[in-house]
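None of these values were measured; they are calculated from a predicted model.
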Amino acid sequence: MRFYFCAAAAAAAFFPAVLSAQADIYGERHERLDSIVVSATRAGERTPVTYTSISKADLVAASPMSSLPMALSLQPSVVVTNEGGTGLGYSKMTVRGVKGSQINVTLNGITLNDAESQEVFWVNIPALTNLLSSVQLQRGLGTSANGSGAFGASVNMGTAFVGADPTVHLDVSGGAWNTLTATVSASTGLLPGGFHASGAFSRGRTDGYLRNAWAKVQSAYAAVGWIGGNNSLRFTYLLGDQHTGITWNGLPLSKWEAGEDTYNSAGEYYDAYGNVHYYQNESDNYTQQHFQLNWTHRFSDALAWSTTANYTKGYGWYDQLKAGKKFSKYGMASPQTGLDGESYTKADFTVKKFMDNSLIVLNSGLRYTGKRLRAGAGLYASNYRGDHFGNVVWVSVLGEQDLPSWYYNIGVKREVTASANAEYALSGHLSAYADLQYRMVFLNMKGEDDDNIDIGYMQNWFFFNPRGGITGVWGPHKAYASVALGHREPGRPDLKENIKDGKWRTILPESMVDIEAGYVFSGERISAGANLYLMEYRNMLLETGRISSVGNAIKENVPRSWRRGVELTASAQPSGVFRMDANMTLSLNQIADYTAYFEDWDSGGYREEHIGKTSMLMSPSVLFGGRFTLTPFTGGALKPLGITLGAKYVGSQYWDNTMSADRKLPAYFTTDLSVSHTFSVGNDGGRIGVALYIDNLLNSRYCTDVWVYRAWDGASWYQEEGLTPRAPRSGMLRITYDF
């Protein structure tokens, strides 16, 4: 009730101000109808939010082997990793050290984060960079976003806008690790009567750098719509289909030190003579389809209403071999009589873990852009259901006979979010911003997990997330400051671990106060900026360094922690042929008072280790990114030639939260090079593009990610770890045709 009273009071205060406004601070207000749904959750030029915008040209220019996180690798405070060491397959990103489950991702205003795990699995949407019109990367809490809370960053994406003319685009690439990608896309442009249609299809395959890091991915996109007068109607379909080898085990430290960088234990087993073999179908398979219907109506140049209905359907499975496991682990009586008549308590198993999920969303919002006021209000409602089940499909001593079902559980998650925001120009130089969000989340989990433990759980959460700030603009100078409060519920993997082992974990919702203050100078040839951030956490859900059996990070609450830092950006274009862009982040990512818990195999309980003040795992304190672009020819046939050199430095990172020197990932520096040229073909505007991409130009040997598991056996420490190595220098050749 308090939320609605505040919203009503804010509206009552804003609209009289609109009536008295004189100067038109925001200029032209006739926004494109097909962009309103995307811009509704984006920060504007005067919004006191730290963000960068990535254009379609920059997205398309990225290496064809790169997933979207890899294409964002040079953005401020961003660190990316790919499990297979290249670009296709499972990719992840962190922003300010914040992991993927705490990064809010939306496509056309609809959340892409899985409702249960809160992760975004980028491999499920391959070739996404070819389908987007732009991306806005907000750092910190940012503006109100739909779905799980942004606890360090948000990625706001929109599919391509409607162009005026018909287009056709062909894109074929090939290179290292037997990698091949191909994309074809076409658009009718805006036809007489306001109708338009566009579509794209992409396929990619690679052997990958690690053993079993193969990937076969494809995506499809289609949009049909109509724009007439003050109305826009658009239907969008997006398909992502991926089949990849399992690589989340990573590389043991002993293999890395021995130079066996491509080793992968997934599917490894031994025959009766001690010979090593590998199960050839150790794979992850998932298909996801998105259906979106959007209607937008403009009441006037200043006022517009947009509503989107979304249905997402996903289905997939893991196919794995589990060597030397007990029958009881899979709910089977022990011992079992094998085909040879012998009695067995252990065997090799082939198992499949399935996921069948669906998401229904209704997202509706009102936008107002006046002379001095920009305001919006929205309502977001979603219903998610995820079915999880597993089957044993083969047992080494039993063969492929009828085998019992292994486990089955479901999760239902519903959410209703109401939000209102306003940005008001107090004068020609000064603007104030307010953003209020109220989230209601309802979760119900039922059934047994893969270890036959009941994970039944019900919980409701209610969060009020206010934001506010002020922005000053004078000439090329801009300064801003903001304060935001955010809350976020635990994810399904976090809750499962707590339910299964309540001896010391108590999983609570987390909260954060985010304070941002920045300055930006935008000149004709030089621009620069500095942003100070203080992200203060309570009950932060932080990774322990361990992973689950399916590669999910295992987390725990940390009572008090913080991520504090400064982000510096600069760009210069001293001439028409050379441009330089650079950014640096210096940060402290710390836990106030940390106690680590390790399994004690001797006692059957846990061994405590009080660390005190410590640094967070996988959170580098120094980051640097740079890009240097050269267009050396100003005339003649080579005029469109472009040479781009990208560089990234990532400081050292701890494997876990103990700040131990022997569990520390060394700092690394890497560079990538691209050379491209475009030829004009014929008289109808056709163009052929040729580009060469060289990844890891200096052939650096380093790892980008790691997990670790430690246990005490009563006399010494037992440790397992999995490192993610980067592939050595490799190349891709790309040919495009546009007409």
Side-chain angles (χ1 to χ4, degrees), residues 67 81-92 117 119 121-124 177-179 205-217 242-271 274-286 316-326 329-330 346-355 388 390-396 406 450-451 493 545-554 655 703-709 719-727:
S67 60
T81 185
N82 176 270
E83 284 186 4
T86 55
L88 286 178
Y90 268 88
S91 298
K92 297 182 289 187
S117 69
E119 292 279 356
F121 301 98
W122 296 101
V123 68
N124 295 340
W177 329 120
N178 289 323
T179 303
R205 68 165 306 278
T206 185
D207 291 344
Y209 174 57
L210 302 183
R211 187 202 67 79
N212 203 51
W214 58 270
K216 296 178 182 178
V217 297
Q242 65 92 0
H243 304 273
T244 55
I246 289 175
T247 50
W248 60 62
N249 290 357
L251 187 70
L253 181 61
S254 59
K255 298 292 185 181
W256 171 256
E257 292 174 340
E260 300 178 40
D261 295 10
T262 62
Y263 173 80
N264 179 14
S265 64
E268 184 177 86
Y269 67 99
Y270 295 84
D271 62 21
N275 300 312
V276 177
H277 297 275
Y278 292 96
Y279 177 53
Q280 296 302 311
N281 199 33
E282 188 89 357
S283 63
D284 172 27
N285 310 268
Y286 193 76
W317 69 93
Y318 299 120
D319 194 342
Q320 293 181 282
L321 182 134
K322 299 291 187 178
K325 300 298 181 181
K326 294 181 179 179
K329 176 177 175 58
Y330 301 102
K346 291 184 177 181
D348 296 339
F349 295 78
T350 299
V351 299
K352 285 188 176 183
K353 290 185 173 183
F354 295 86
M355 184 175 187
H388 308 264
N391 294 326
V392 177
V393 296
W394 174 82
V395 182
S396 58
W406 175 11
D450 58 4
D451 50 10
R546 294 183 292 147
I547 63 171
S548 69
S549 61
V550 292
N552 290 322
I554 295 174
W655 297 6
C703 293
T704 59
D705 201 6
V706 63
W707 62 264
V708 63
Y709 168 77
Q719 178 173 303
E720 293 181 10
E721 66 286 308
L723 296 100
T724 302
R726 170 72 186 268

For Tyr709 and Glu720, what are the C-alpha separation, side-chain angles and deciding distance, and is it a side-chain hydrogen bond (donor to acceptor under 3.5 Å, both in side chains)? CA-CA 5 Å; Tyr709 168 77; Glu720 293 181 10; over 6 Å; no

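- In this structure, Pro493 and Ser117 approach most closely via the heavy-atom pair CD-CA, 3.7 Å.
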Derivation of the side-chain hydrogen bond (donor to acceptor under 3.5 Å, both in side chains) call for Tyr279 and Asp319: CA-CA 10 Å; Tyr279 177 53; Asp319 194 342; 3.0 Å; yes

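- Counting heavy atoms from C-beta outward, Thr724 and Leu251 have side chains that stay 4.5 Å or more apart.
- Of the possible donor and acceptor atoms, none in the side chain of Thr262 sits under 3.5 Å from a partner among the backbone N and O of Leu210.
- Remark: Asp284 CG to Met355 CE distance equals 11.0 Å, nearest 0.5 Å.
- Closest approach of Gln320 and Glu282 over heavy atoms only: CA-OE1, 3.3 Å.
- Taking the ring axis of Phe349 as reference, the NZ or CZ atom of Lys325 does not stay both within 45° of it and closer than 6.0 Å to the ring centre.
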Side chain to side chain contact (heavy atoms under 4.5 Å, CB included) assessment of Thr350 paired with Val392: CA-CA 6 Å; Thr350 299; Val392 177; over 6 Å; no

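- Considering only heavy atoms from C-beta on, Val351 comes within 4.5 Å of Lys322 through its side chain.
- Between the side chains of Trp214 and Asn212, at least one donor N or O sits under 3.5 Å from an acceptor N or O.
- In this structure, the side chain of Asn82 engages the main chain of Tyr90 through a donor-acceptor pair within 3.5 Å.
- Cation-pi geometry between Arg211 and Tyr278 is satisfied (NZ or CZ under 6.0 Å from the ring centre, within 45° of the ring normal).
- Asp705 has a carboxylate O that lies under 4.0 Å from a charged side-chain N of Lys92, or vice versa, which qualifies the two as a salt bridge.
- With contacts defined as side-chain heavy-atom distances shorter than 4.5 Å, the pair Tyr270/Val276 qualifies.
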Would you check, one step at a time, whether the test side chain to side chain contact (heavy atoms under 4.5 Å, CB included) holds for Lys352 with Trp406? CA-CA 9 Å; Lys352 285 188 176 183; Trp406 175 11; over 6 Å; no

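- Between the side chains of Gln242 and Tyr286, no donor-acceptor pair of N or O atoms lies under 3.5 Å.
- No side-chain heavy atom of Lys353 sits less than 4.5 Å from a side-chain heavy atom of Trp317.
- Nearest heavy atoms, Gly267 versus Leu321: O-CD2, 4.4 Å.
- Within the 4.5 Å cutoff, side-chain heavy atoms of Ser265 are placed close to those of Asn249.
- At a threshold of 4.5 Å between non-hydrogen side-chain atoms, the residues Ser283 and Tyr318 do not count as touching.
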Mind running side chain to side chain contact (heavy atoms under 4.5 Å, CB included) on Asp450 and Tyr330 for me, showing each step along the way? CA-CA 8 Å; Asp450 58 4; Tyr330 301 102; over 6 Å; no

Tyr209 vs Glu83, side-chain hydrogen bond (donor to acceptor under 3.5 Å, both in side chains): CA-CA, chis, key distance, verdict: CA-CA 9 Å; Tyr209 174 57; Glu83 284 186 4; over 6 Å; no

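- Judged by distance alone, the side chain of Ser254 and the main-chain N or O of Pro252 form no donor-acceptor pair under 3.5 Å.
- Residues Tyr263 and Glu268 meet the side-chain proximity criterion, which asks for heavy atoms closer than 4.5 Å.
- Proximity of Thr206 to Asn178: side-chain heavy atoms (C-beta onward) are nowhere separated by under 4.5 Å.
- Minimum interatomic distance between Trp707 and Gly250 (heavy atoms only, all atoms of both residues): NE1-N, 4.3 Å.
- At a threshold of 4.0 Å, the pair Arg205-Asp207 counts as salt-bridged, since one of the basic side-chain nitrogens sits closer than that to a carboxylate oxygen.
- Closest heavy-atom contact between Asp348 and Gly324: OD1-N, 2.8 Å.
- For the pair Ser67 and Ser91, the tightest heavy-atom approach, listed with the atom from each and the gap, is OG-OG, 2.8 Å.
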